[in-house]
Amino acid sequence: MSGKLKWVTDIEKSVLINNFEKRGWTQVSESDDWNFYWMSVQTIRNCFSVETGFRLSDDQLVNHFPNHYELTRKDLMVKNIKRYRKELEKEGSPLAEKDENGKYLYLDFVPVTFMLPADYNLFVEEFRKNPSSTWIMKPCGKAQGKGIFLINKLSQIKKWSRDSKTSSFVSQSSKEAYVISLYIDNPLLIGGKKFDLRLYVLVTTYRPLKCYMYKLGFCRFCTVKYTPSTSELDNMFVHLTNVAIQKHGDDYNHVHGGKWTVSNLRLYLESTRGREVTDKLFDEIHWIIVQSLKAVAPVMNNDKHCFECYGYDIIIDDRLKPWLIEVNASPSLTSSTANDRILKYNLINDTLNIVVPNGEIPDCKWNKVPPKEALGSYEILYDEEAAQADGSERDLRNRPGQAFGFKGARTREAGRSAPTTWK
């Protein structure tokens with residue numbers, strides 16, 4: 001038994017445990033010697049903290065980078081992307097080129113965003129430029145749609161004014177800091193309903209950056225038809241796609257769970273908008289993902305014992321422009337439907353095949369490259385080392401106009417079938 005990989009998890013999800021058991025790995029407790037620990041984000045914090053942390057040995061692997069929150073906290077993600085743009089601008093990089101209105105040509109993929117209470121005055125200035133706009137407020141450290149609301153009047157957020165006597169924020173570092181973003185009020189609709197994309201991206205190293213795209217992402221639909229009407233700003237069944245919210249709606253369908261595969265979306269768009277614009281859209285989505293990872297790579301603690309599977313949330317507007325909404329460090333492994341369970345089981349299976357090749361005990365000193373047949377439904381989205389070796393990285397930085405056709409993964413599944421009718 002000594003040669004068998006020993007695993008621990010503090011996330012009791014069958015899609016995880018069944019994958020470990022299928023491999024014949026041995027379950028041990030946290031206090032035993034373990035090789036592979038699928039941790040919650042709370043546990044990873046303790047694992048790498050100065051007070052309670054411990055040194056990982058070369059035969060141990062964990063599923064989060066120590067400071068993953070640089071990408072997965074809403075405020076820090078935006079801060080890092082803004083810094084990345086400024087640095088490229090300072091370098092005079094063509095990637096940071098702007099149009100006549102001062103908008104980035106290639107890096108404009110996050111809605112205008114401010115931190116509250118810190119940026120309250122800057123936000124007010126922006127709001128007054130276009131007082132008819134709608135904004136969305138989100139607590140920085142929460143998930144599953146908790147604490148989110150929409151506003152279209154300054155009076156609705158008076159308490160976030162930093163000089164307000166009623167402010168519930170005692171300091172800028174308060175846990176309840178919020179981000180406020182310009183709401184994408186012209187989303188692409190299918191069957192009159194708003195949806196977003198959940199895409200899975202695996203990062204095995206940040207320096208050099210190497211990431212994989214999972215081909216079997218899905219769309220999450222709202223249960224109520226979309227309206228930009230201000231009278232429906234409080235109706236989260238219209239505006240928020242999170243399953244944690246939609247499953248409580250009267251119109252929630254427990255068979256398909258309000259989900260559609262990415263391949264069905266592709267087919268729908270190819271038939272309604274054409275193949276070329278659909279390809280361009282997916283190339284732009286891949287571009288956004290790579291640029292967001294490059295934005296955080298310099299500040300990420302690139303620990304050799306770590307990998308991470310992120311859940312990217314993307315919204316497409318009615319001009320077929322994709323927007324990065326947020327990145328999740330612990331995308332849900334709960335299954336809402338039978339298809340959902342199969343997808344998530346296969347996601348974990350394919351992830352394990354890449355990060356623990358052949359199910360062998362990890363050795364962090366040995367940089368294993370999984371063979372192509374081990375990738376399953378993953379495709380290499382970006383390999384910085386290979387890009388630098390063949391000169392494509394240099395080309396990308398010098399000729400960003402070609403960037404949206406860059407050699408990223410194309411999210412196409414083999415043997416596509418016609419999309420089912422959305423009801």
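Residue numbers run from 1 in the order of the sequence given. The structure presented is a predicted model; accordingly, all values stated were derived computationally and were not measured.
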| task | Could you walk me through whether Ile285 and Leu281 pass side chain to side chain contact (heavy atoms under 4.5 Å, CB included), step by step? | result | CA-CA 6 Å; Ile285 289 171; Leu281 166 66; 4.1 Å; yes
| request: Check the pair Tyr312, Ser292 against side-chain hydrogen bond (donor to acceptor under 3.5 Å, both in side chains), reporting the backbone distance first and the verdict last. | output: CA-CA 10 Å; Tyr312 267 74; Ser292 67; 2.7 Å; yes
Please report the interatomic distance [atom1]([X]) to [atom2]([Y]), rounded to the nearest 0.5 Å.
X	Y	atom1	atom2	answer
Arg198	Cys219	CZ	SG	12.5 Å
Ile325	Ile314	CD1	CD1	8.0 Å
Leu320	Thr278	CG	OG1	7.0 Å
Asn186	Lys194	CG	NZ	10.5 Å
Leu16	Trp7	CG	CH2	8.5 Å
Tyr178	Lys74	OH	NZ	10.0 Å

Say whether, by atom type as modelled, one donor and one acceptor occur between the side chain of [X] and the main chain of [Y] under 3.5 angstrom.
X	Y	answer
Asp350	Ser377	yes
Thr72	His68	yes
Asp317	Trp323	no
Asn35	Asp59	yes
Thr9	Trp38	yes
His64	Met39	yes
Asp119	Leu122	no
Asp303	Phe65	no

Under 4.0 Å between a side-chain nitrogen and a carboxylate oxygen: does that hold for [X] and [Y]?
X	Y	answer
Asp279	Arg266	yes
Lys79	Asp75	no
Glu125	Lys129	no
Glu89	Lys98	yes

| said: Does Glu385 form a side chain to side chain contact (heavy atoms under 4.5 Å, CB included) with Thr205? I'd like the steps, not just the answer. | reply: CA-CA 11 Å; Glu385 229 169 11; Thr205 166; over 6 Å; no
Do [X] and [Y] touch side chain to side chain, with heavy atoms closer than 4.5 Å?
X	Y	answer
Ile380	Tyr212	yes
Asn346	Leu216	no
Gln291	Lys294	yes
Phe127	Trp135	yes
Cys306	Pro66	yes

With a 3.5 Å cut-off and no angle check, do the side chains of [X] and [Y] form a donor-acceptor pair?
X	Y	result
Asn339	Thr337	no
Thr134	Asp185	no
Tyr200	Thr351	no
Asn301	Asn67	no

Could you tell me which non-hydrogen atom of [X] sits nearest to which non-hydrogen atom of [Y], and how far apart they are?
X	Y	value
Tyr310	Leu293	CE1-CD2, 4.4 Å
Leu56	Cys47	CD2-SG, 4.4 Å
Phe36	Val355	CE1-CG2, 4.3 Å
Gln60	Arg55	OE1-O, 4.4 Å
Val327	Met77	CG2-SD, 3.9 Å
Glu126	Val112	CG-CG1, 4.3 Å

| message | For Tyr378, give me all partners under ring pair (Phe, Tyr, Trp, His ring centres under 6.0 Å), at least two apart in sequence or on another chain. | response | Tyr214
| Looking at residues at least two apart in the chain, or sitting in another chain, which of them share a ring pair (Phe, Tyr, Trp, His ring centres under 6.0 Å) with Tyr345? | none
| Ring-face cation contact, Phe221 with Lys193, 6.0 Å cut, 45° max | no
| query | Does Lys82 make a cation-pi contact with Phe114 (under 6.0 Å, within 45 degrees of the axis)? | reply | yes
Neighbour count above 12 (heavy atom, 6.0 Å) for [X] [atom1]:
X	atom1	value
Glu30	CD	no
Lys321	NZ	yes
Arg207	CZ	yes

| Sub-6.0 Å ring centroid separation between Phe109 and Trp287 | no
| Is the Trp34 ring parallel, tilted or perpendicular to the Tyr37 ring (thresholds 30°, 60°)? | perpendicular
| message | Please determine whether side chain to side chain contact (heavy atoms under 4.5 Å, CB included) holds for the pair Leu265 and Phe282, giving the CA-CA distance in whole Å, both sets of side-chain angles, and the decisive distance to 0.1 Å. | response | CA-CA 11 Å; Leu265 174 66; Phe282 279 89; 4.2 Å; yes
| field | Derivation of the side chain to side chain contact (heavy atoms under 4.5 Å, CB included) call for Lys215 and Val262 | value | CA-CA 8 Å; Lys215 290 181 278 184; Val262 164; over 6 Å; no
